[in-house]
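No hydrogens, no waters, no symmetry mates; every other heavy atom, side chains included, goes into these values. Labels below follow one simple rule: chain letters A, B, ... track the order of the sequence lines, proteins then strands, and each chain is numbered from 1.
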Amino acid sequence: MGSLKKNGGAILSRIATSNQHGENSEYFDGWKAYDKDPFHHSRNPHGIIQMGLAENQLCVELIKDWIKENPKVSICTPEGVHQFSDIAIFQDYHGLKEFRQAIAHFMGKARGGRVTFDPERIVMSGGATGANETIMFCLADPGDVFLVPSPYYAAFDRDLRWRTGVEIIPVHCSSSNSFKLTVEAVEWAYQKAQESNKKVKGLILTNPSNPLGTILDKDTLKNLVRFVTRKNIHLVVDEIYAGTVFAGDNFVSVAEVVNNVDSSEIDVDLIHIVYSLSKDMGLPGFRVGIVYSYNDSVVSCARKMSSFGLVSSQTQLMLASMLSDDQFVENFLMESSRRLGIRHGVLTSGLKKAGITCLTSNAGLFVWMDLRHLLIDRNSFESEIELWHIIIDKVKLNVSPGSSFHCTEPGWFRVCFANMGDDTLDVALRRIQDFVSKKNKLAEKSSDNDEIIQNNSVKKQKWRQSNLRLSFRRLYEDGLSSPGIMSPHSPLLRA
Amino acid sequence: MKQLSTKVTSNGHGQDSSYFLGWEEYEKNPYDEIQNPNGMIQMGLAENQLCFDLIESWLAKNPDAASLKRNGQSIFRELALFQDYHGMPEFKKAMADFMEEIRGNRVTFDPKKIVLAAGSTSANETLMFCLAEPGDAFLLPTPYYPGFDRDLKWRTGAEIVPIHCSSSNGFQITESALQQAYQQAQKLDLKVKGVLVTNPSNPLGTALTRRELNLLVEFITSKNIHLISDEIYSGTMYGFEQFISVMDVLKDKKLENTEVSKRVHVVYSLSKDLGLPGFRVGAIYSNDEMIVSAATKMSSFGLVSSQTQYLLSALLSDKKFTSQYLEENQKRLKSRQKRLVSGLESAGITCLRSNAGLFCWVDMRHLLDTNTFEAELDLWKKIVYNVKLNISPGSSCHCTEPGWFRVCFANLSEDTLDLALKRLKTFVESTDCGRMISRSSHERLKSLRKKTVSNWVFRVSWSDRVPDER
């Protein structure tokens with residue numbers, strides 16, 4: 001942790017003065033670059049295109065139309081204002097009953113109706129950010145450990161550790177088996193932690209995965225559930241992307257496993273789900289996070305803690321109606337999947353034309369792009385960062401380097417595709433294709449990579465000057481920026 | 001308990017207190033004029049329900065804000081995606097302006113120093129995370145808001161050491177009480193990081209005097225610690241005095257932009273002044289950049305919903321509305337408080353003279369069998385279960401003297417308030433003490449004005465308050 005900073009003698013806490021929030025990383029160079037020079041079709045066609053933001057903007061119009069057709073769900077319209085005072089004073093941390101029911105119902109629908117959720121176990125939180133922190137407060141004491149498969153969502157470093165004092169130990173997954181999580185890898189990480197006298201409280205994973213966009217297969221999930229039961233540790237599954245599956249095998253929620261595995265093999269008190277409407281519905285601004293636990297004590301405690309991050313009652317009311325509208329929900333989920341699938345296809349085939357492959361994925365708002373062949377040194381993260389800076393400065397795209405997700409292999413990048421218009425995606429693809437073909441031509445022309453080396457060493461110098469240091473404490477996308485900078489907005493918003 | 005954290009298994013959430021138990025009893029049997037006329041009346045909830053009509057009529061006149069539009073264009077998409085933890089600039093500006101207006105525009109608030117939070121619950125916890133290590137202590141004057149036990153201590157590991165205030169001087173903070181609390185913390189081997197006060201006070205319903213505020217600023221200066229002033233009730237000041245904020249004192253003592261001013265932080269919320277607790281709007285105001293920076297990042301754990309920020313920035317930017325609202329709010333609160341106080345008087349019950357807040361601090365010591373907290377709890381149970389009024393016993397607020405109760409008056413209709421007072425009067429008259437009182441309540445009130453030495457100490461509240469210098 002950072003050193004205590006004396007502020008005229010009165011000392012702030014370690015939490016306030018440390019870097020554990022992870023925001024001082026030079027990862028934000030990409031964001032800063034984007035903010036200085038954001039792409040716009042007409043006003044700034046050569047600006048940087050934002051592909052580092054995992055937002056789902058493809059179906060906002062569907063929601064807008066529904067709101068227009070349902071004026072009574074707003075406490076501000078003539079049709080709905082009669083509810084104003086009741087909603088304005090409502091701060092019961094159980095949440096509006098209709099809201100909990102609607103969320104439970106929606107969660108079931110997002111999982112193809114294969115499982116039902118109990119509204120009594122739905123607990124609100126300040127987005128999934130708040131939900132993940134809360135579940136840590138409930139399951140672990142300072143110094144306890146949670147295992148997390150890597151690569152993982154960068155902000156877990158903040159959400160799981162910062163104020164809770166919990167430690168994260170990664171379970172490294174590798175490209176040799178397509179980054180699949182195996183029970184053996186978890187067992188190994190568990191044992192190693194035990195050997196170092198660390199108290200492992202549980203395993204937390206995101207499924208579908210951020211940044212991989214892949215889903216866990218049913219057998220692995222079942223075996224993980226059996227594993228945690230045997231070891232008497234917790235399993236937290238962040239299913240924030242559950243509704244973004246656009247192709248292939250059906251997504252298996254841990255809730256389904258709870259229902260289907262023999263009760264002698266599973267201790268449900270150890271199983272917890274985190275959810276949110278930020279990705280599936282594309283409403284991160286409304287701060288709807290959910291903790292869902294099969295453990296009554298955890299539900300009770302998390303509910304008390306939800307006082308620190310309740311969902312605005314105005315938002316609860318609106319969503320209670322919207323998510324109970326079966327016709328709307330079914331159409332929305334279907335349409336969203338369809339559009340995500342198309343986008344994914346456009347991106348992956350466009351990348352293929354440039355000789356770039358991605359990890360095969362069928363969910364999420366991004367692809368896990370393989371640029372290892374473009375690295376000067378395939379074993380060096382410095383190379384990855386250099387390549388990343390080239391992508392930002394020359395190709396003018398903000399993508400996220402794998403190291404920021406604690407990936408152990410250099411050369412992988414997360415590229416988002418759902419936060420922009422079709423045209424913008426086309427421009428991005430063209431730029432990539434141009435860049436790659438130029439690179440190839442250069443490689444053919446010049447003897448070896450003289451020029452590239454030169455370019456890169458200039459880059460190297462430049463970035464070394466600015467203290468290039470690969471920090472493994474990091475960052476996160478989703479609207480966060482270093483102080484003083486507004487969150488990046490999609491070029492669409494400026495239209 | 002299966003491998004859960006100590007936070008789950010401990011009582012740190014503070015919910016086993018009588019404060020919350022009363023609410024639970026109310027939930028089981030809530031009063032309703034028609035459907036449950038013998039049900040329990042809720043007077044333990046510090047809500048402001050007096051001015052919704054003003055907000056509703058504003059909404060009717062402002063369709064753009066109401067329907068998430070700006071200049072007629074829908075900004076739904078922008079709001080749906082807006083999750084910047086710096087908050088909406090328009091909203092923070094509107095909050096800053098509103099806070100200035102409440103303080104008669106005598107002090108200025110810089111929107112850049114505002115950090116939004118999910119209610120003052122979250123704001124207070126966040127400040128603790130920024131200022132205290134687990135095991136550090138904050139000094140709080142008693143009696144204090146029961147929720148502080150959870151908000152300040154539960155997940156942060158911080159400790160609270162009470163600054164004992166007594167009825168002998170109207171529960172004002174004294175220098176000796178401050179020093180005693182500080183020494184007590186040291187005896188307990190706790191490092192004192194600061195003082196936290198609620199001004200106006202919950203549960204007392206009184207604003208801190210300038211003398212007390214000066215004392216506090218001098219104290220934190222000499223001890224080199226922080227001062228948090230939770231000014232959540234600043235807009236509910238209905239007495240003839242003006243509300244004095246700690247910011248006023250810093251300005252008057254010419255301490256703005258000094259090192260001391262960096263250790264003074266204000267917490268605010270729209271839950272009491274505007275009566276909008278459901279929308280979860282809290283704020284931290286600090287002159288210390290590091291705190292603003294750290295707290296801003298922490299606000300990720302509880303951002304204000306963008307649709308709420310948008311609606312309220314429009315509402316609070318309408319200066320005509322805000323000045324009208326503040327004036328009307330204060331008028332209605334004053335009239336309600338008067339109604340409660342006179343109703344109590346006719347039952348022979350006095351209160352601490354209050355000039356702010358949504359409640360009165362009621363003196364029922366004369367109704368106790370003995371001067372003990374057991375007797376207070378017995379009385380409370382009678383009032384809850386027999387009289388069917390949920391009021392909050394002083395012990396739940398950590399008051400050091402038994403017999404005081406917090407009674408809220410702004411969360412129910414006039415009729416319901418009258419009914420509650422009627423029930424209370426009947427109850428009091430039915431007790432031995434009550435019969436004595438009702439025979440000559442007027443005489444008794446006269447005698448209360450004399451200082452008597454007896455176990456049952458009757459003091460008239462208004463002569464105890466040191467008159468404000470203004």
Side-chain angles (χ1 to χ4, degrees), chain A residues 5 7-10 12-17 21 23 55 57 60 64 67 76-78 81 84-85 87-91 126-127 129-130 133 137-141 163 201 232-234 269 282-287 297-298 301 304 307-310 312-315 478-480 483 486-487 493, chain B residues 1-8 13 15 47 49 52 55-56 59-60 66-67 74 76-86 118 121-122 125 129-133 155 224-226 259 262-263 275-280 288 290-291 293-294 296-298 300-303 305-308 311:
Chain A
K5 159 123 192 223
N7 180 24
L12 303 186
S13 70
R14 275 183 214 113
I15 288 179
T17 50
H21 48 72
E23 276 187 48
E55 269 176 8
Q57 295 185 22
V60 180
K64 263 169 73 172
I67 290 179
C76 304
T77 56
V81 78
F84 183 84
S85 41
I87 293 297
I89 54 172
F90 185 83
Q91 57 173 329
T129 300
E133 190 195 46
F137 271 126
C138 290
L139 302 181
D141 288 313
R163 307 191 305 182
K201 273 320 208 24
N232 198 28
I233 61 176
H234 294 278
D269 274 348
L283 303 173
F286 293 177
R287 315 313 305 148
S297 304
V298 172
C301 183
K304 294 178 178 70
S307 298
F308 299 109
L310 296 172
S312 169
S313 54
Q314 174 188 23
T315 303
D478 306 332
L480 301 174
M486 295 298 292
S487 78
L493 291 179
Chain B
M1 287 292 149
K2 206 153 268 160
Q3 290 270 65
L4 300 177
S5 72
T6 51
K7 287 173 186 58
V8 173
H13 50 72
Q15 258 183 248
E47 272 176 7
Q49 297 186 21
F52 285 129
I55 300 181
E56 284 160 4
L59 285 171
S67 52
S74 168
F76 179 79
R77 178 191 285 263
E78 194 181 310
L79 293 179
L81 298 173
F82 185 84
Q83 53 171 333
D84 181 359
Y85 59 23
H86 292 95
T121 298
S122 168
E125 190 197 42
F129 272 123
C130 288
L131 303 179
E133 305 296 347
R155 306 190 308 180
N224 200 22
I225 58 180
H226 296 273
E259 185 272 318
K262 286 193 171 171
R263 287 188 271 117
L276 306 174
F279 293 175
R280 315 317 299 147
D288 184 329
M290 282 202 73
I291 291 179
S293 169
T296 300
K297 295 176 178 70
M298 288 186 190
S300 299
F301 299 111
L303 297 173
S305 171
S306 57
Q307 83 180 134
T308 301
L311 171 66

Answer with yes or no whether the side chains of Q307(B) and T315(A) bring together a donor and an acceptor at under 3.5 Å. yes
Counting heavy-atom pairs under 4.5 Å with chain A, the top scorer among H13(B), E125(B), Q49(B), E47(B) is E125(B)
Do side-chain atoms of E56(B) reach the backbone of F84(A) as a donor and acceptor pair under 3.5 angstrom? no
Give a yes or no answer on whether the side chain of S13(A) reaches the backbone of F129(B) with a donor-acceptor pair at less than 3.5 Å.
yes
Kindly indicate, with the supporting measurements, whether the criterion side chain to side chain donor-acceptor pair (under 3.5 Å) is fulfilled by T308(B) and Q314(A).
CA-CA 7 Å; T308(B) 301; Q314(A) 174 188 23; 2.8 Å; yes
Cut-off 4.5 Å, heavy atoms of chain B, and the answer for P78(A) is neither
Cut-off 4.5 Å, heavy atoms of chain A, and the answer for A60(B) is neither
Rounded to the nearest 0.5 Å, the CZ atom of R280(B) sits from the OG atom of S307(A) at a distance of 7.5 Å
Is a donor from one side chain sitting under 3.5 angstrom from an acceptor on the other, for S5(B) and D141(A)? no
Under 4.5 Å to a heavy atom of chain B? For F90(A) that would be backbone
With a 4.5 Å heavy-atom cut-off, do L303(B) and T129(A) have their side chains touching? no
Residues at least two apart in sequence or cross-chain that pass side chain to side chain contact (heavy atoms under 4.5 Å, CB included) with S122(B), listed by chain then number, are A117(B), A118(B), T126(B)
Nearest heavy-atom approach of S297(A) to L4(B) is CB-CD1, 3.6 Å
